**Student:** 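A single structure is presented below for examination.
Nothing fancy with the numbering, it's 1 onward along the sequence. These numbers come from a predicted model, not from an experiment.
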Amino acid sequence: MSRVTIYTDGACKGNPGPGGWGVYMRYSDSEKDLFGGEAMTTNNRMELQAVIEALRALKRPCQVDFYLDSEYVRKGITEWLSGWKARGWRTASKQAVKNEDLWRLLDDALAHSQHSITWHWVKGHSGNPGNDRADSLANEGVKLFQAG
């Protein structure tokens with residue numbers, strides 16, 4: 001399996017407001033940047049969308065190292081998702097899971113992939129070059145939907 005390193009990030013100007021997602025992918029000597037956004041969204045939705053878009057960009061099974069600065073997404077995938085599904089997409093306190101539509105998309109993408117994924121948390125805005133690049137790309141996504 002090919003080994004791919006992926007950094008993802010989301011950004012939002014206002015929460016909700018115009019938002020963007022960014023993905024920086026590195027494979028061997030190759031690099032790829034992806035970004036997009038929405039006119040009215042939240043930061044957490046953009047963080048989730050970045051991971052979904054990164055998975056969509058992979059064309060064959062890979063060993064993937066995902067680096068993200070969102071504990072919401074990392075813990076959601078590694079700790080909370082199985083419980084939400086077992087409870088019919090409810091939290092432990094019986095509340096509806098926020099962003100359920102994107103969590104379902106992400107769950108489906110993971111279930112139908114043959115990737116071997118390791119999830120890593122990195123501190124945002126701390127000088128990590130990959131995270132800084134993903135952040136910059138997410139902000140490019142915001143610009144697509146900002147007025148003026």
**Student:** Please assess E31 against R133 for the test side-chain contact (heavy atoms from CB on, under 4.5 Å), listing each intermediate value before the final yes or no.
**Tutor:** CA-CA 11 Å; E31 297 178 331; R133 187 159 167 178; 3.2 Å; yes
**Student:** To the nearest 0.5 Å, what is the distance between CG (L48) and OG (S70)?
**Tutor:** 7.0 Å
**Student:** Are P129 and D132 side-chain neighbours, meaning at least one heavy-atom pair lies under 4.5 Å?
**Tutor:**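 No, every pair of side-chain atoms sits at 4.5 Å or beyond.
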**Student:** Between I117 and I77, is there a shared hydrophobic cluster once you connect ILVMFWY residues whose side-chain heavy atoms come closer than 4.5 Å?
**Tutor:** yes
**Student:** Determine whether L68 and V122 fall in the same hydrophobic cluster, where Ile, Leu, Val, Met, Phe, Trp and Tyr are linked whenever their side-chain heavy atoms lie under 4.5 Å apart.
**Tutor:**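 Different clusters.
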**Student:** What pair of heavy atoms forms the shortest contact from N131 to T8, and how long is it?
**Tutor:**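 Smallest heavy-atom distance, with atoms named: ND2-O, 4.4 Å.
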**Student:** Quickly, which of L105, V23, L34 forms a side-chain contact (heavy atoms from CB on, under 4.5 Å) with R56? Name it, please.
**Tutor:**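 That would be L105; it is the only one of L105, V23, L34 passing the side-chain contact (heavy atoms from CB on, under 4.5 Å) with R56.
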**Student:** Would you check if D135 and H125 make a side-chain contact, meaning some heavy-atom pair closer than 4.5 Å?
**Tutor:**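 When only atoms from C-beta onward are counted, H125 and D135 do touch, with a gap below 4.5 Å.
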**Student:** Flag the pair M1 / H115 as yes when at least one side-chain heavy-atom distance between them is below 4.5 Å, and no otherwise.
**Tutor:** no
**Student:** Side chains of N44 and K98: closer than 4.5 Å at any heavy-atom pair?
**Tutor:**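 No, every pair of side-chain atoms sits at 4.5 Å or beyond.
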**Student:** Strictly by modelled atom types, are S30 and S28 linked by a side-chain donor-acceptor pair under 3.5 Å?
**Tutor:** no
**Student:** Same cluster for I6 and Y27 if Ile/Leu/Val/Met/Phe/Trp/Tyr side chains link at under 4.5 Å?
**Tutor:** yes
**Student:** Taking all heavy atoms of M40 and all of P16, pick out the closest pair and write down the distance.
**Tutor:** SD-CB, 3.7 Å
**Student:** Considering only residues two or more places apart or on different chains, which pairs with a residue in residues 77-97 satisfy ring pair (Phe, Tyr, Trp, His ring centres under 6.0 Å)?
**Tutor:**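 Non-adjacent pairs meeting ring pair (Phe, Tyr, Trp, His ring centres under 6.0 Å): W80-W84, W84-W103.
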**Student:** Any salt bridge linking D69 with K123? Criterion: basic side-chain nitrogen under 4.0 Å from a carboxylate oxygen.
**Tutor:**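 No, D69 and K123 are not salt-bridged.
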**Student:** Over all heavy atoms of both residues, which pair between Q146 and P18 is shortest? Give the atoms and the distance, please.
**Tutor:**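 Looking at all heavy atoms of both residues, the closest pair is CG-CG, 4.0 Å.
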**Student:** Should W21 and Y72 be counted in the same cluster of Ile, Leu, Val, Met, Phe, Trp and Tyr side chains packed under 4.5 Å apart?
**Tutor:** yes
**Student:** Please evaluate residues L102 and Q49 with respect to the criterion side-chain contact (heavy atoms from CB on, under 4.5 Å), reporting the C-alpha separation (whole Å), side-chain torsions for both, the decisive distance (0.1 Å), and the verdict.
**Tutor:** CA-CA 7 Å; L102 293 178; Q49 192 68 49; 3.4 Å; yes
**Student:** Decide whether D65 and Y7 meet the rule of one side-chain donor and one side-chain acceptor closer than 3.5 Å.
**Tutor:** no
**Student:** Decide whether V142 and I52 are clustered together by the hydrophobic rule: side chain heavy atoms of Ile, Leu, Val, Met, Phe, Trp, Tyr closer than 4.5 Å, transitively.
**Tutor:** no
**Student:** Is the shortest heavy-atom distance from the side chain of T118 to the side chain of V64 under 4.5 Å?
**Tutor:** no
**Student:** Do M25 and T5 come within less than 4.5 Å of each other through their side chains, counting heavy atoms only?
**Tutor:** no
**Student:** Please tell me if the side chains of Y24 and L137 come closer than 4.5 Å, counting only heavy atoms from C-beta onward.
**Tutor:** yes
**Student:** Just checking Q114: does its CD atom have more than 12 heavy atoms from other residues, nucleotides or ligands closer to it than 6.0 angstrom?
**Tutor:** no
**Student:** When rounded to the nearest 0.5 angstrom, what is the spacing between OG in S116 and CZ in R3?
**Tutor:**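 S116 OG to R3 CZ: 7.5 Å, rounded to 0.5 Å.
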**Student:** To the nearest 0.5 Å, what is the distance between CE (M46) and CG (N15)?
**Tutor:**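 Output value for this atom pair is 10.5 Å.
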**Student:** List the atom of G17, the atom of C12, and the distance in Å for their closest heavy-atom pair.
**Tutor:** O-SG, 3.6 Å
**Student:** With a 4.0 Å cut-off, would you call D101 and R45 a salt bridge?
**Tutor:**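 Counted as a salt bridge, because a side-chain N and a carboxylate O are separated by less than 4.0 Å.
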**Student:** Hey, what do you get for CG (L110) to CG (L81), rounding to the nearest 0.5 Å?
**Tutor:**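 The distance works out to 7.5 Å.
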**Student:** Identify the two heavy atoms, one from T91 and one from A96, that lie closest to each other, and give their separation to 0.1 Å.
**Tutor:**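 Minimum heavy-atom separation between T91 and A96: CG2-O, 4.2 Å.
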**Student:** Nearest 0.5 angstrom please: L106 CG to E53 CD, how far?
**Tutor:** 11.0 Å
**Student:** Nearest 0.5 angstrom please: T41 OG1 to E47 CD, how far?
**Tutor:**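 Here the interatomic distance stands at 11.0 Å.
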**Student:** Can you confirm whether L55 sits close enough to F66 that some side-chain heavy atom of one is under 4.5 Å from a side-chain heavy atom of the other?
**Tutor:** yes
